Amino acid sequence: MLAESNGRVMTFAGRETLDLTDHGSIEGLIAAVAPSAVINAAAYTAVDRAESEADAAYFLNRDAPAAMARACAARGLPFVHFSTDYVFDGALGRPYTETDPVGPTSVYGSSKLAGEQAVSAAGGLAATLRTSWVYSRHGANFVKTMLRLAADRDELSIVADQLGRPTWARDCAEAALLTADALAATPSLSGVYHLSGAGDATWADLASAVFDISAARGGVSARVKRITTADYPTPAKRPANSCLDCGKIEAVLPWRCRPWRDSLAACMTEMEL
Ligand SMILES: NC(=O)c1ccc[n+]([C@@H]2O[C@H](COP(=O)([O-])OP(=O)(O)OC[C@H]3O[C@@H](n4cnc5c(N)ncnc54)[C@H](OP(=O)(O)O)[C@@H]3O)[C@@H](O)[C@H]2O)c1
């Protein structure tokens, strides 16, 4: 699919165009499109299912970005790759910087970390953007799930002891495009960056904010019962704190983290809520 925005022509390669389990087709598509940069937002993102499907997670999260990074490096193309806050163990008492030690607690986090390392090893113009708690009007995500569940229930039990930074996919997309430009102009900017909304939240805080905005606009709402991680066991262990410090990317891009409540309200406007 082709789209044009702010003078950029973008080719979007979804599953129907590019099967990422076929690494030859990655090389073939990049050769055929001859882009000026490549951005990879595809991944194996089923965090709990990954615990029992490690091979599939590593194939998508390590081997596919490795193939993209090698194809870009061979052509001197900037490559922007998304990774995750789940590369950290969550034990730190402050937001994580890019130099803090990693320590994933799940197969998903480990496979994404292996992807970061493979991208770096390819040696080209490459930036890995670790993001967190992403939502948008597209696809399945926490914000849409809350709105769907509130249509049928008066009260929802939501985890209130995991801390993170909610991020609107549109903010990520803008930063990714600027990162590709920056890499082309300044190859030494290759490396890992943190990219999220500004301000900390628990999942319960995020749910409450969704319902506050929705109710104020005449939409669905539900009471939020704050529960602990122990009350809601999952196959994959999540970090208790995965707040990302975005100072590094803000220092090199003409881009600023937006307060997460502002981005959430803007996203819900885009969703016509
Ligand atoms: N969502 C979050 O909260 C979050 C947090 C931190 C980091 N991230 C990272 O941000 C990036 C985007 O995440 P997301 O939430 O947008 O993920 P998502 O909604 O699960 O989207 C992943 C995309 O990858 C595509 N894909 C999966 N397997 C494929 C294959 N074999 N061939 C071609 N395409 C395939 C999917 O296609 P289909 O739609 O056809 O399945 C989907 O479009 C990922 O790198 C993720 O690790 C996300």
Side-chain angles (χ1 to χ4, degrees), residues 1 11-30 38-50 53 55-69 79-88 90 96 102 104-116 118-119 126-146 159 162-173 175-176 179 192-197 201-203 206-207 234 236 238-239 241-244 246 249 260 263-264 267:
M1 189 178 98
T11 302
F12 294 88
R15 192 186 289 271
E16 68 291 346
T17 320
L18 179 62
D19 178 3
L20 291 173
T21 59
D22 173 3
H23 294 168
S25 70
I26 293 173
E27 169 76 30
L29 186 72
I30 292 175
V38 173
I39 298 173
N40 174 38
Y44 182 108
T45 58
V47 176
D48 289 315
R49 206 166 66 227
E53 292 185 359
D55 288 351
Y58 274 86
F59 210 72
L60 259 286
N61 294 345
R62 177 193 59 199
D63 301 340
M68 292 179 212
F79 178 53
V80 180
H81 172 63
F82 280 98
S83 189
T84 175
D85 52 337
Y86 285 10
V87 298
F88 294 114
Y96 281 89
V102 288
T105 59
S106 62
V107 169
Y108 167 73
S110 300
S111 67
K112 292 293 292 184
L113 177 60
E116 293 184 2
V119 167
T128 290
L129 307 180
R130 289 183 186 143
T131 188
S132 59
W133 297 29
V134 180
Y135 60 86
S136 82
R137 72 183 161 126
H138 301 290
N141 58 68
F142 182 85
V143 170
K144 288 174 69 178
T145 301
M146 290 301 103
V159 169
Q162 291 171 25
L163 206 59
R165 295 197 160 169
T167 307
W168 187 18
R170 180 177 284 283
D171 294 334
C172 283
T179 301
V192 175
Y193 295 87
H194 290 175
L195 168 62
S196 70
T202 66
W203 292 111
L206 178 53
T234 52
R238 270 85 169 157
N241 165 38
S242 66
C243 294
L244 299 175
C246 298
I249 200 164
W260 69 262
S263 286
L264 177 64
C267 175

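Nothing here was measured: the structure is a model prediction, and the numbers come from that model. We count ligands from 1, going down the list as the structure has it; atoms in each ligand are counted the same way. Residue indices begin at 1 and follow the sequence shown.
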Do Thr131 and Thr84 have side-chain heavy atoms sitting under 4.5 Å apart?
no
So which protein heavy atom does atom 10 (O) of ligand 1 come closest to, and at what separation?
Phe82 CB, 3.9 Å
Does ligand 1 have any atom that is closer than 4.0 Å to a heavy atom of Phe142?
no
Any idea which of Phe12, Tyr108, Phe59 brings a heavy atom closest to atom 46 (C) of ligand 1?
Tyr108
Is there a donor in the side chain of Ser263 and an acceptor in the side chain of Asp171, or the other way round, less than 3.5 Å apart?
yes
Among Thr45, Leu129, Val87, Asp85, closest by any non-hydrogen atom to atom 17 (O) of ligand 1:
Thr45
Check this for me: Asp55, atom CG, are more than 12 non-hydrogen atoms of other residues, nucleotides or ligands nearer than 6.0 Å?
no
Looking at atom 15 (O) of ligand 1, tell me if a protein heavy atom falls under 4.0 Å from it.
no
Carboxylate-amine/guanidinium contact Glu116 Arg130, below 4.0 Å:
yes
Which atoms of ligand 1 sit under 4.0 Å from any heavy atom of Trp133?
3 (O), 5 (C)
Any atoms of ligand 1 less than 4.0 Å from a non-hydrogen atom of Thr84? List them with their elements.
6 (C), 7 (C)
Using a 4.0 Å cutoff against the non-hydrogen atoms of Ala43, which atoms of ligand 1 qualify?
22 (C), 24 (O), 27 (C), 44 (C), 45 (O), 47 (O)
Return a yes/no value: protein heavy atom under 4.0 Å from atom 21 (O) of ligand 1?
no
If we only count N/O pairs under 3.5 Å, is Leu20 in contact with ligand 1?
yes
Looking only at the aromatic ring of each residue, does the gap between the centers of Trp203 and Phe142 stay below 6.0 angstrom?
yes
Relative to the heavy atoms of Lys112, which atoms of ligand 1 are at a distance of less than 4.0 Å?
44 (C), 45 (O), 46 (C), 47 (O)
Can we say Asp48 and Arg238 salt-bridge, meaning some charged N sits less than 4.0 Å from an Asp/Glu carboxylate O?
yes
For the student: nearest non-hydrogen atoms of Pro166 and Trp260, plus distance
O-CB, 3.5 Å
If we only count N/O pairs under 3.5 Å, is Leu60 in contact with ligand 1?
no
Side-chain touch Val134/Phe82, heavy atoms, less than 4.5 angstrom:
no
Val38 side chain reached by Ile30 side chain, heavy atoms, under 4.5 Å
yes
Less than 4.5 Å apart, any side-chain heavy atom of Tyr193 and any of Cys246?
no
Closer than 4.0 angstrom: is that true for some heavy atom of Ser83 and an atom of ligand 1?
yes
From the candidates Asp22, Val134, Thr128, the one that places a heavy atom nearest atom 48 (C) of ligand 1:
Val134
Specify whether the nearest protein heavy atom to atom 31 (N) of ligand 1 is under 4.0 angstrom away.
yes
From Ser111 OG over to Glu53 CD, what is the distance, rounded to the nearest 0.5 angstrom?
11.5 Å
Pull out every atom of ligand 1 sitting under 4.0 Å from any heavy atom of Leu18, numbered as shown with elements.
32 (N), 33 (C)
Considering all heavy atoms, the nearest Gln162-Pro239 contact
CG-O, 3.9 Å
For atom 6 (C) of ligand 1, which candidate among Thr17, Asn141, Thr131 provides the closest heavy atom?
Thr131
Looking at ligand 1, does any of its N/O atoms fall within less than 3.5 Å of an N/O of Arg15?
yes
Going by heavy atoms in the side chains, are Phe88 and Leu244 under 4.5 Å from each other?
yes
Please identify which atoms of ligand 1 are closer than 4.0 Å to at least one heavy atom of Asp19.
31 (N), 32 (N)
Any protein heavy atom < 4.0 Å from atom 40 (O) of ligand 1:
yes
Could you tell me the residue and atom name of the protein heavy atom closest to atom 25 (C) of ligand 1, and the distance to it rounded to 0.1 Å?
Ala42 CB, 4.0 Å
So, does Ala41 sit close enough to ligand 1 that a heavy atom of it is under 4.0 Å from the ligand?
yes
